[in-house]
Amino acid sequence: MLRNGFLLTSPLPTTSLINMYSKCNSMTHALTLFNTSSSHHRNVFAYNAIVAGFIANGMSGPALEFYRGMQFSGVTPDKFTFPCVIKACSDVNECLEGRKVHGLVFKFGLEGDVFVGSALVHLYLRFGFIEEAYQVFDELPIRDVVLWNAMINGFAQTGQFGLALEVYKEMGEEGVTPNKFTVTGILSAISMMGDLNSGRAIHGFVVKMGYDSGVAVMNALVDMYGKCKCLRDALKIFEMIPEKDIFSWNSILCVHEQCGDHRGTLGLLDSMLHAGVKPDLVTVTTILPACAHLAALMHGREIHSYMIINGLEKDDGGSFDDVYVKNAVMDMYAKCGSMREAHLVFDKMSYKDVASWNIMIMGYGMHGFGSRALDMFSNMCEAELKPDEVTFVGVLSACSHVGLVSQGQKFLAQMDSLYGVVPTIEHYTCVIDMLGRAGQLEEAYELVSTMPIEASSVVWRAFLAACRLHGNAALAEVPAQQVLELEPEHCGNHVLMSNVYGAVGRYEEVSEVRLTMRQQNVRKDPGCSWIELGDGVHVFVAGDWRHPEDYLIYAGLNSLNAHLYEGGSMPSV
DNA sequence: GTAGGGTTAG
């Protein structure tokens, strides 16, 4: 129990008590003690302990303020003060303030202190000042493992992966043994480079040194194997971690998502919750794209609710994280087909970036609301946001889906001149698709032949699909041969060609194509659809009778077909 | 009596 009487009359040294309070996360008590102590007790030891206490409790801002008060009171800082103050500057992104402190370090003749030096290296590399970091590093008479780590991890975190590996090797040459902090940092750099050989070497070193008892080291290994596309090794390491923390779970979730195993990602979220680990911002930004891919609206909604309840979606003034995670929520709703909910999130965003607008444009276009997509585009330009390549993919595909042909052609023509975005193959594909859908096959062919980029098989497939739709086999034959030669194993090409022939009644050629497919062992993947009901996903494949309620499903389908016939609809073959 | 360095998403 903490009693004021005890606080005031304790015979224990002030500094020890301050440390005790700060370790108990009670900086209020520490401060009260400090403020009620005699000026004799408010010495450099006590000041240092309070500054360190604030930092240890995640309050680096107040730590800096307290340090300013220290300067004002005339107490001289010492070699214990500066490492803390410099760390506090890095914590609150006060690089300029840190530079000023560096000046004082010289004034007090502490530039040779390895503690001060490590903090300075950390500060400078955090803000990308490589020259300054090297200056500090080179001038130090003693280089201990912490200093080396500050260099290696500093480089690893600012994208200088090659430099990180270089310094790591240098460290070994100078005979300094890497510790757990070193290997976590270097593994992070190695995974970003996808350098599996170095990764395996470090893994060996980790085992040899017994560092595999540390959860951070193991997490870094999971991440490294994942980024090097060794899913099995990543999983093996993950399963070996006895006390998995939030990093372990987020890492393995990310590994699955990056491998395109969206179901696996969602399944792991369940296991994570079951293990009693609370999802954080990183977790949800990994899970939301999985929901978007699977069009798992219910799961997506649940995650969004979780975010609201747990304050992960609060508006913190348009920080990068804030905008990013809201874009992820919007994208999930848009891809799951709920533009209403996507728009609700969009409207509530106080800061929107280009991606926010792109998601809305793409979403409206994708779901057949072409004019809304174009409205969004003009609003975006009014809001003075510069459209990018993705914007125009959205705009052009919106035009394509609602048949706004001349509009689309105008956008393609103006992209470069008016908006400074050079059209890519994707943009041409959209316009060719658009012309093809509208039946302007000659014009589409003309564009494929005259565009400044070489046509890919994707472009030709868009053209072939249009030929099929409008029953023009003559125009399709030559490009079809090209595509078949380009990608003989792609079943879509064969199917398209056989469909083109089928559409014009050339059934002999249809069987020819089918025969070639059998001969070349090309198989068509069966079409597949799914629906989310309750907490389960029901998957359907054409001609599939494996569902427990298949008779009900087929009865429903038959009744739907009957309605379609009554309404005058004929299914296309 | 007090101090510096680590892992996950985009």
Side-chain angles (χ1 to χ4, degrees), chain A residues 12-20 22 41 43-53 55-56 77-88 90 110 113-123 125-126 136 140 143-154 156-157 164 178-192 211 214-224 226-227 234 237-238 241 244-255 257-258 265 279-290 320-328 331 353 355:
Chain A
L12 276 169
T14 310
T15 313
S16 303
L17 278 173
I18 289 172
N19 284 328
M20 184 200 73
S22 94
H41 285 289
N43 53 21
V44 64
F45 293 101
Y47 268 106
N48 289 348
I50 294 273
V51 170
I55 296 172
D78 64 4
K79 65 174 181 174
F80 289 88
T81 319
F82 289 115
C84 288
V85 173
I86 295 163
K87 180 180 159 55
S90 333
L110 293 168
D113 187 286
V114 71
F115 282 78
V116 177
S118 312
L120 281 169
V121 164
H122 176 84
L123 172 92
L125 287 186
R126 189 186 157 98
V136 174
L140 286 169
R143 294 175 190 169
D144 66 5
V145 64
V146 178
L147 178 66
W148 285 100
N149 291 349
M151 289 293 278
I152 293 164
N153 298 328
Q157 276 158 42
N179 64 12
K180 288 183 187 181
F181 287 76
T182 326
V183 296
T184 43
I186 199 65
L187 277 171
S188 148
I190 284 169
S191 56
M192 293 307 284
Y211 293 163
V215 63
V217 173
M218 294 294 268
N219 295 342
L221 280 171
V222 169
D223 175 57
M224 183 275 293
K227 293 241 168 58
I237 304 283
F238 174 77
I241 307 174
K244 301 175 180 66
D245 63 8
I246 182 89
F247 283 87
S248 323
W249 286 101
N250 287 346
S251 299
I252 199 71
L253 279 165
C254 169
V255 168
E257 185 55 23
Q258 277 168 354
T265 309
D280 66 359
L281 200 68
V282 176
T283 321
V284 299
T285 45
T286 311
I287 291 285
L288 284 168
F320 190 69
D321 271 2
D322 186 44
V323 176
Y324 191 88
V325 75
K326 281 181 180 152
N327 284 347
D331 193 48
D353 65 2

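Chain naming here is simple, since letters A, B, ... match the order of the sequence lines and numbering starts at 1 in each. Computed over heavy atoms, backbone and side chain alike; hydrogens, waters and symmetry mates excluded.
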Discussion item. By the 4.0 Å heavy-atom rule, please label D280(A) as base, sugar-phosphate, or nothing.
Written reply: nothing
Worksheet item: Do N250(A) and N219(A) have side-chain atoms, one donor and one acceptor, less than 3.5 Å apart?
Response: no
Discussion item. Need two values: the first and the last nucleotide of DNA chain B, 5' to 3', having an atom under 4.0 Å from any heavy-atom of chain A.
Written reply: dG1(B) to dG10(B)
Worksheet item: Just checking V217(A): base, sugar-phosphate only, or nothing, at a heavy-atom cut-off of under 4.0 Å?
Response: base
Discussion item. Tell me whether D331(A) contacts the main-chain N or O of N327(A) through its side chain, where contact means a donor paired with an acceptor under 3.5 Å.
Written reply: no
Worksheet item: Across the strands shown, which category fits A220(A) at heavy-atom distances under 4.0 angstrom: base, sugar-phosphate, nothing?
Response: nothing
Item to complete: Looking at every strand, decide which applies to K87(A) at a 4.0 Å heavy-atom threshold: base, sugar-phosphate, or nothing.
Response: sugar-phosphate
Worksheet item: Base, sugar-phosphate, or nothing for N327(A), non-hydrogen atoms under 4.0 angstrom?
Response: nothing
Item to complete: With heavy atoms under 4.0 Å as the rule, sort V44(A) into base, sugar-phosphate or nothing.
Response: nothing
Discussion item. Need one value for Q157(A): base, sugar-phosphate or nothing, where a base atom within 4.0 Å counts as base even if backbone is also close, heavy atoms only.
Written reply: sugar-phosphate
Worksheet item: Does a donor on one side chain sit under 3.5 Å from an acceptor on the other, for S16(A) and N19(A)?
Response: no
Worksheet entry | Partners meeting side chain to side chain donor-acceptor pair (under 3.5 Å) with D321(A) (sequence neighbours left out) | none
Discussion item. Tell me if a side-chain donor or acceptor on N43(A) pairs with a main-chain N or O of A46(A) at a distance below 3.5 Å.
Written reply: yes
Discussion item. At 4.0 Å (heavy atoms only), tell me whether S251(A) reaches a base, stays on the sugar-phosphate, or touches nothing.
Written reply: sugar-phosphate
Worksheet item: At under 4.0 Å between heavy atoms, what does K227(A) touch on the DNA or RNA strands: base, sugar-phosphate, or nothing?
Response: sugar-phosphate
Discussion item. When you measure from the side chain of S188(A) to the backbone of T184(A), do you find a donor-acceptor pair of N or O atoms at a distance under 3.5 Å?
Written reply: no
Fill in: Touch class at under 4.0 angstrom, heavy-atom based, for A49(A) against every strand present
nothing
